[in-house]
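Below is one structure, written out as structure tokens; the observations come after it.
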Amino acid sequence: MSQADTILGMYEAMHAALGDSDWWPGETPFEISIGAILTQNTNWTNVEKAIDNLKNADLLSPKAMHDLDIHELAELIRPAGYYNIKARRIFNFLKFLKNEVSYNLLALKEYSLENVRPKILGVNGIGPETADAILLYALDFPTFVVDAYTARLAHRHGLAFEGIDYHELQSLFMDVLPQDVAMYNEYHALIVRIGKDWCKKKQGLCDTCPLKHFLE
DNA sequence: CTCCTGGTTA
DNA sequence: TAACCGGGAG
């Protein structure tokens with residue numbers, strides 16, 4: 001089976017077994033963007049607690065959050081871990097929104113992907129995965145999100161070497177898949193679900209995994 | 001105890 | 001390349 005057939009086939013197998021993921025969890029593009037920063041190397045259940053704190057404080061808008069003292073912000077997002085660093089990163093992102101689009105996040109949709117991606121990557125604390133998550137899930141740009149789960153799954157299925165570079169791994173998928181926002185959205189979501197429940201770090205539960213037929 | 005939808009700094 | 005950031009859940 002060719003590499004392209006494997007990548008396409010895995011998508012079909014995951015979707016058939018798990019169904020639609022309805023990602024990203026979040027009511028607004030701004031909430032999705034903040035969630036993307038908060039979930040860096042962090043369990044989503046912890047991120048939910050932080051987002052609930054922000055919601056209860058009525059702070060899920062760029063301007064309201066920017067006007068907040070950074071220490072108060074850090075305290076509110078404490079359950080998500082790395083809270084001091086993440087408060088700074090969120091603040092950097094808010095400053096970017098203020099300067100670039102006057103807090104109007106959706107105005108970034110008027111940019112071209114090639115133009116806006118480097119701008120978001122220029123924010124200290126936003127790396128390639130977080131940037132792509134914001135671009136795909138908050139702004140509907142056709143960019144494929146890869147993460148630690150993607151690398152692990154690709155490695156275990158013989159698609160990539162361990163420690164493959166972010167953009168090489170991304171190209172592996174984007175060179176094969178149709179340029180389709182909905183598919184990029186669903187594919188990454190399915191990979192995360194597989195990663196959490198089957199393709200675990202220490203030992204994969206391959207015998208019951210929906211992707212077991214794609215092992216070498 | 002390990003792991004979590006990373007990224008920056010030294 | 002490695003240290004660092006970190007609370008919460010299993």
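Side-chain atoms are counted along with the backbone in the values below, which use heavy atoms only and exclude waters and symmetry mates.
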Could you state the atom-to-atom distance from [atom1] of [X] to [atom2] of [N] in whole Å?
X         : N      : atom1 : atom2 : answer
Tyr166(A) : dG7(B) : OH    : C1'   : 12 Å
Asp197(A) : dC4(B) : CG    : P     : 12 Å
Ile85(A)  : dC4(B) : CD1   : C1'   : 16 Å
Ile134(A) : dG7(B) : CD1   : C1'   : 13 Å
Ile51(A)  : dG8(C) : CD1   : P     : 15 Å
Phe173(A) : dT5(B) : CZ    : P     : 17 Å
Gln203(A) : dT2(B) : CD    : P     : 16 Å
Lys196(A) : dT5(B) : NZ    : C1'   : 8 Å

Provide the distance between the two [atom1] atoms, one in [N] and one in [M], to the nearest whole Å.
N       : M      : atom1 : answer
dC4(C)  : dT5(B) : P     : 24 Å
dT1(C)  : dC4(B) : C1'   : 23 Å
dA9(C)  : dG7(B) : P     : 24 Å
dA10(B) : dG6(C) : P     : 15 Å

Is the phosphate of [N] approached by [X] (side-chain N or O, under 4.0 Å from OP1 or OP2)?
X         : N      : answer
Tyr83(A)  : dG7(C) : yes
Asn46(A)  : dC3(B) : no
Arg152(A) : dC3(B) : no

* Asked: Does any donor atom in the side chain of Ser102(A) or Asn104(A) lie under 3.5 Å from an acceptor atom in the other side chain?
  ->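 The answer is no; no qualifying pair exists.
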* Do we see a donor-acceptor contact under 3.5 Å between the side chains of Asn84(A) and His71(A)? ->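 Asn84(A) vs His71(A): no donor-acceptor pair found between side chains.
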Scan [X] against the nucleic acid and name what it touches under 4.0 Å (heavy atoms): base, sugar-phosphate only, or nothing.
X        : value
Lys86(A) : nothing
Lys49(A) : sugar-phosphate
Arg88(A) : nothing

* Heavy-atom count around Asp58(A) CG within 6.0 Å, excluding the residue itself: above 12? ->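 Not buried by this count: 12 neighbours or fewer within 6.0 Å.
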* **Nearest-neighbour nucleotide for the Ala148(A) side chain, dC3(B), dT9(B), dG6(B) considered** =>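 Given the options dC3(B), dT9(B), dG6(B), the side chain of Ala148(A) is closest to dG6(B).
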* Looking only at side-chain atoms of Lys201(A), point me to the closest of dC4(B), dG6(B), dG6(C). =>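 Output: dC4(B).
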* **Residue-level proximity of residues 68-82 of chain A to DNA chain C when a heavy atom falls under 4.0 Å** =>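 DNA chain C contact set from residues 68-82 of chain A: Arg78(A), Pro79(A), Ala80(A), Gly81(A), Tyr82(A).
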* **Interface with DNA chain C, restricted to residues 17-44 of chain A and to heavy atoms under 4.0 Å** =>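 By residue number: Asn41(A), Thr42(A).
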* Asked: Rounded to the nearest 0.5 Å, how far does CH2 of Trp23(A) lie from CD1 of Ile32(A)?
  ->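 Spacing of CD1 (Ile32(A)) from CH2 (Trp23(A)) equals 11.0 Å.
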* Spatial distance of atom NZ (Lys86(A)) from atom OG1 (Thr39(A)) [nearest 0.5 Å] ->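 Separation between the atoms: 7.0 Å.
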* **Leu211(A) side chain near Trp198(A) side chain, heavy-atom distance below 4.5 Å** =>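 The answer is no; the side chains never approach within 4.5 Å.
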* For residues Leu60(A) and Ile51(A), determine if any side-chain heavy atom of one lies less than 4.5 Å from a side-chain heavy atom of the other. =>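 Yes - at least one pair of side-chain heavy atoms lies under 4.5 Å apart.
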* Asked: Does Phe91(A) have its ring centroid less than 6.0 Å away from the ring centroid of His66(A)?
  ->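 Yes; His66(A) has its ring centre under 6.0 Å from that of Phe91(A).
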* To do: Might you point out which heavy atoms bring Ala13(A) and Phe214(A) nearest each other, and give the distance in Å?
  =>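 The answer is CB-CE1, 3.6 Å.
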* To do: Write down the atom of Ala131(A), the atom of Ile126(A), and the distance for their closest heavy-atom approach.
  =>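 Shortest heavy-atom contact: N-CG2, 3.6 Å.
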* Nearest-nucleotide comparison on DNA chain B, the residue closer to the 5′ end among Ile126(A) and Ala133(A) ->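 This one resolves to Ala133(A).
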* Given DNA chain B, 5'-ward residue of the pair Tyr149(A) and Val123(A), judged by closest heavy atom ->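 Here Tyr149(A) is the residue nearer the 5' end.
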* **Ile134(A)/Phe93(A) under side chain to side chain contact (heavy atoms under 4.5 Å, CB included): CA gap, chis, key distance, verdict** => CA-CA 11 Å; Ile134(A) 292 172; Phe93(A) 180 63; 4.2 Å; yes
